[in-house]
Amino acid sequence: MNQKNILVLNCGSSSLKFAVITPHNQQVLIQGLAERLNTSQASIHYQLAEHGEKQSTQPNGSSHQGAIEAVLDILKQHGLLANLSGVGHRVVHGGEAYSESLLLNPDNIASLEKLHHLAPLHNPVNLLGIKAINTLLPNLPQVAVFDTAFHQTLPETAYLYGVPLELYQQHGVRRYGFHGTSYRYVSEKAAKLINKPLQDSHFLIAHLGNGCSACAIKHGRSVDTSMGLTPLEGLLMGTRSGDVDPGLIDFLCERLNLKLADVMAMLNKKSGLLGISGISNDMRETQLAAQQGDSRANLAVEIFAFRVARYLGALAVSLPSIDALIFTGGIGENDRLTRSLVLEHLSILGFELDGKLNQENGNATGRISLADSTLAMVVATDEELMIAMDTHALVAGLKE
Ligand code: ADP
């Protein structure tokens, strides 16, 4: 039988990740990345499931629209365009309006535009992708899958800031949280792995990639998370500072005579692992430098792990018990050193590392803690698959 496929698009400010996935058997038929968009070096790299080797091409124009046209051309060349049943888009911010994925129509696309002020760096570019597909493939249904949606179950005690309440009531100032698609995927998978219904499961999850956050899941729902109004809050990240004293902003403006925009650029793009190590935003490179004796790189690695542990400790107060602590994302899934440093800080919660299992990235069961200690595990995330499955369910009318 000829199965229909879903195109998944994740538009970033200068990049576009894409994949075509068959929901029926969860197979990835092609996946790729268009990068350096809006520069003269724009390029597209992709890999087909059936060929294996990576291929590259240059889009005609360097804009997002140009990149999407080029991606559709690639799909056409490989016979994947005619068989699409829908397009799923990652949309970073759904505000309070969207607690689930959304089948798009002209009205709700217009209302998504009203959320741009909540995520000015992300949402407008996500919407570019939606509009480009509207123009190029007007008959194909489209779905928005929001990073914030899964966290709409946070209680007020976790999502309100200690600022005048009118700011929430009139301007939506609150903590929203991000990486929700990843948390939903990982918690569903972990519940299966521990053989417990999701609604009875309580997890701590650390999603550690270029962007990093952590989340407490109670009865299968998000009840607290480290990112806030924007993805800047919380853990130390590749280039983002995570939590700082808000007084720092004024201090830097005054002391260094910086403009607000310069300070925000510093906190978003020049801080985190990069800012502390002075070498790289990438954990592998930072650790390599640390192994070669660079003390700043070593400090970055240690601060990163301490911050993760400190946040997980704080998130634990929202849970009645801990079924498992789960590591996911590029660092969470691969970085044995960070996992072991984090667990060392968390012996208070009963975690004890199993060195051999940690070395094997959790092996088949995912477990990396000793059998008689609190369960810590590695579960690989798959946001693209989750987007494809949601899109399929909404397009096929399986989900309202
Ligand atoms: P994104 O948030 O862009 O999806 P990823 O989830 O791919 O990012 O995570 C990227 C991070 O994962 C980088 O800091 C990279 O160095 C780190 N990483 C990937 N593999 C390893 C590894 N084997 N050891 C340590 N860090 C790793």
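Counting starts at 1 for both ligands and their atoms, in listed order.
Residues meeting the side chain to side chain contact (heavy atoms under 4.5 Å, CB included) test with P138, sequence neighbours left out: none. Taking the side chain to side chain contact (heavy atoms under 4.5 Å, CB included) definition, one finds that N139 meets it with nothing, sequence neighbours left out.
For H93 and F178, the ring centers sit closer than 6.0 Å to each other. In this structure, Y159 has its ring center no closer than 6.0 Å to that of H151.
At the top of the distance list for atom 16 (O) of ligand 1, counting protein heavy atoms only, stands D282 OD1, 2.7 Å. Regarding atom 11 (C) of ligand 1, its nearest protein heavy-atom neighbour is I331 CG1, 3.7 Å. For atom 4 (O) of ligand 1, the nearest protein heavy atom (residue, atom name, distance) is K17 NZ, 4.0 Å.
Checked by distance only, ligand 1 and M283 come closer than 3.5 Å through their nitrogen or oxygen atoms. For a threshold of 3.5 Å applied to N or O pairs, the pair formed by G330 and ligand 1 contains at least one separation below that value. For ligand 1, the polar-atom distance check finds an N/O of R284 within less than 3.5 Å of one of the ligand's N/O atoms. For ligand 1, none of its N or O atoms has an N or O atom of H207 under 3.5 Å away.
Note: L137 CG to L84 CG = 7.5 Å, rounded to the nearest 0.5 Å.
For the pair G211 and ligand 1, a heavy-atom separation below 4.0 Å is found.
Per-residue contacts place N210 under 4.0 angstrom from the following atoms of ligand 1 (heavy atoms of the residue considered): 1 (P), 2 (O), 3 (O), 8 (O), 9 (O), 10 (C).
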